[in-house]
Protein chains: 2
Amino acid sequence: MSTAEETAGGEAQAWGEVTPDAARRLLIAAVEAFAERGYHATTTRDIAGRAGMSPAALYIHYKTKEELLHRISRIGHEKALEILRTASRREGSPTERLADAVSSFVRWHAGGRTTARVVQYELDSLGPDARAEILGLRRQVDAEVRGIIEEGVRSGEFEVIDVHGTTLAVLSLCIDVARWFSLDGPRTPEEVGALYADLVLRMVGAADAGAAASAATADRVPAAPAAPEDPQT
Amino acid sequence: MSTAEETAGGEAQAWGEVTPDAARRLLIAAVEAFAERGYHATTTRDIAGRAGMSPAALYIHYKTKEELLHRISRIGHEKALEILRTASRREGSPTERLADAVSSFVRWHAGGRTTARVVQYELDSLGPDARAEILGLRRQVDAEVRGIIEEGVRSGEFEVIDVHGTTLAVLSLCIDVARWFSLDGPRTPEEVGALYADLVLRMVGAADAGAAASAATADRVPAAPAAPEDPQT
DNA sequence: GCCGAAGGTGAGCGGGCGCTTAGCGCAGCC
DNA sequence: GGCTGCGCTAAGCGCCCGCTCACCTTCGGC
């Protein structure tokens with residue numbers, strides 16, 4: 001019916017926890033609209049329209065337009081954190097876990113590009129209180145990645161001079177995927193995840209970069225994809 | 001007088017080529033406002049106010065608010081391209097030139113964060129024609145970096161499986177600096193430039209990563225900075 | 001079969017938006 | 001020393017924004 005289910009609803013992100021059905025439809029419509037045009041350029045009429053409702057219906061389920069963004073942002077950050085925690089706490093060497101963390105984090109940013117865009121780039125549109133709450137989640141994300149890198153340095157697998165700076169760079173690399181990735185482009189989320197895991201292992205000086213990176217993406221081919229053209233940078 | 005000169009005007013970016021003085025003041029005010037709040041959340045009244053003029057004055061020098069963004073975006077992209085071309089065409093090995101390209105490109109994104117934010121993140125706010133023109137400049141930016149990497153692969157200095165993908169990742173890493181970097185943070189633009197040059201050389205498998213990266217940033221200390229805390233990610 | 005709550009609508013409010021227009025002050029020229 | 005034209009302002013137009021309110025439907029419980 002509406003395009004909401006095709007784009008944002010079709011992504012891996014479930015939004016299952018958002019409970020009255022109408023509230024969920026509105027939220028998915030908002031994710032789509034915010035990702036496409038940005039928070040400030042999106043009107044409440046547009047959101048309601050995408051969800052197949054009248055403009056006033058929005059205010060039955062949400063107090064303001066900003067509350068919608070806040071809810072999206074919190075759920076998205078919690079999902080991102082969960083992905084990294086899963087990779088970080090599994091069994092295996094720091095090399096394997098870092099490769100797993102990067103490849104799954106990248107897959108989430110690429111496959112759920114619509115959601116990830118809103119989550120990563122609309123932080124400044126939140127008010128001070130909501131913003132502060134989200135920044136707390138971001139610090140946990142940072143700590144999760146830094147933990148793996150520190151462990152790799154301790155075990156001697158990694159050779160990193162500036163752990164904080166390298167952590168920042170690794171996350172930066174993953175997050176920016178949401179800016180440039182397109183499902184119409186030549187690469188699948190899995191391919192980008194495998195490539196980026198390999199690049200990150202090189203960044204931290206892990207010995208068996210190629211092998212561990214491809215193992216983290218299971219049975220996918222990590223080598224150069226066949227398609228010749230890039231999406232815009 | 002206005003805050004425009006302190007923030008955007010104080011950056012490395014000259015804007016000297018924007019000729020009537022009033023037009024330049026308006027443009028600098030717009031860069032500031034767009035970087036702070038985003039294009040759509042910025043009002044023409046705000047821009048004019050920052051430049052110390054009445055709202056109507058804007059329309060003497062620019063046809064629309066979008067023309068301001070277009071001009072900023074084109075000048076910024078041309079500057080970015082010039083930086084990369086300078087590094088790419090100097091003497092030296094691919095390793096040295098890649099380190100130089102990355103460190104100077106990162107310095108521009110960090111030091112000129114206000115401008116870089118607008119240039120890198122407000123592309124979608126342009127109309128189709130302006131957008132297409134800017135995308136042409138972006139392809140040239142991409143080609144410049146890809147050229148250095150290809151040369152390093154040919155000479156045997158680099159070991160890269162997916163040249164297109166790695167080019168994308170290198171640019172991605174540099175560009176995302178504009179999102180998180182803060183002058184109030186623990187790192188100077190020079191330190192981030194040196195760190196990132198080192199990380200990129202590792203990504204392409206260059207042998208003497210550390211040495212060439214620090215050489216590219218002249219006499220700066222490339223090792224871990226003293227400050228303990230990170231800016232938000 | 002009636003009742004109240006839950007969830008929805010159509011119309012519209014106050015206000016701020018991008019942009020226009022009529023007119024003012026003043027430097028440069030004869 | 002009056003005239004012209006340019007840079008700028010004050011005022012405001014038409015529009016659409018986020019959000020509200022009075023009212024309407026639907027439906028489970030009795």
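Given the structure is predicted, the values throughout are model-derived calculations rather than measurements. A, B, ... follow the sequence lines: proteins, then strands. Residue 1 opens every chain. Quick note: numbers below take in every heavy atom, side chains included, and nothing from hydrogens, waters or symmetry partners.
For the residue pair A:Q140/A:H77, the side-chain donor-acceptor check at 3.5 Å is not satisfied. No hydrogens or angles considered: nothing links the side chains of A:Q120 and B:R179 as a donor-acceptor pair under 3.5 Å.
Rounded to whole Å, the distance from CZ on A:R24 to C1' on C:dG7 is 16 Å. Rounding to whole angstrom units, CG of residue A:L58 and C1' of D:dC17 are separated by 13 Å. Rounded to an integer number of Å, the gap from NE2 of B:H40 to C1' of C:dG18 is 13 Å. Remark: P of D:dG18 and CG of A:L26 are 14 Å apart, rounded to the nearest angstrom. Atom P of nucleotide C:dA6 and atom NE2 of A:H61 are separated by 13 Å, given to the nearest angstrom. With rounding to whole Å, A:E66 atom CD is found 19 Å from D:dC17 atom P. Taking atom CD of B:E67 as the reference point, atom P of C:dC19 lies 11 Å away to the nearest angstrom.
Considering only the side chain of B:R45, C:dC19 comes nearest among D:dC8, D:dC19, C:dC19. Closest to the A:T43 side chain, of the nucleotides C:dC19, C:dT9, D:dC17, is D:dC17. Among the nucleotides D:dA10, C:dG12, C:dT9, the one closest to any side-chain atom of B:A56 is D:dA10. In this structure, of D:dT20, D:dC17, C:dT20, it is D:dT20 that holds the atom nearest to the side chain of A:Y59. Of the candidates C:dG7, C:dC19, D:dG18, C:dG7 carries the atom nearest the A:I60 side chain, counting heavy atoms from C-beta on. In this structure, of D:dT9, C:dG18, C:dT9, it is D:dT9 that holds the atom nearest to the side chain of B:M53.
At a threshold of 4.0 angstrom between heavy atoms, the contacts of B:S54 include nucleobase atoms, whether or not backbone atoms are also involved.
Considering NZ of A:K79 and OG1 of A:T115, their distance stands at 11.0 Å, rounded to 0.5 Å.
Taking the ring axis of B:Y59 as reference, the NZ or CZ atom of B:K65 does not stay both within 45° of it and closer than 6.0 Å to the ring centre.
Contact annotation: A:T44 side-chain N/O to D:dC19 OP1/OP2 distance is not under 4.0 Å.
One finds no salt bridge joining A:R97 and A:D100 here, because no Lys/Arg side-chain nitrogen approaches an Asp/Glu carboxylate oxygen to under 4.0 Å.
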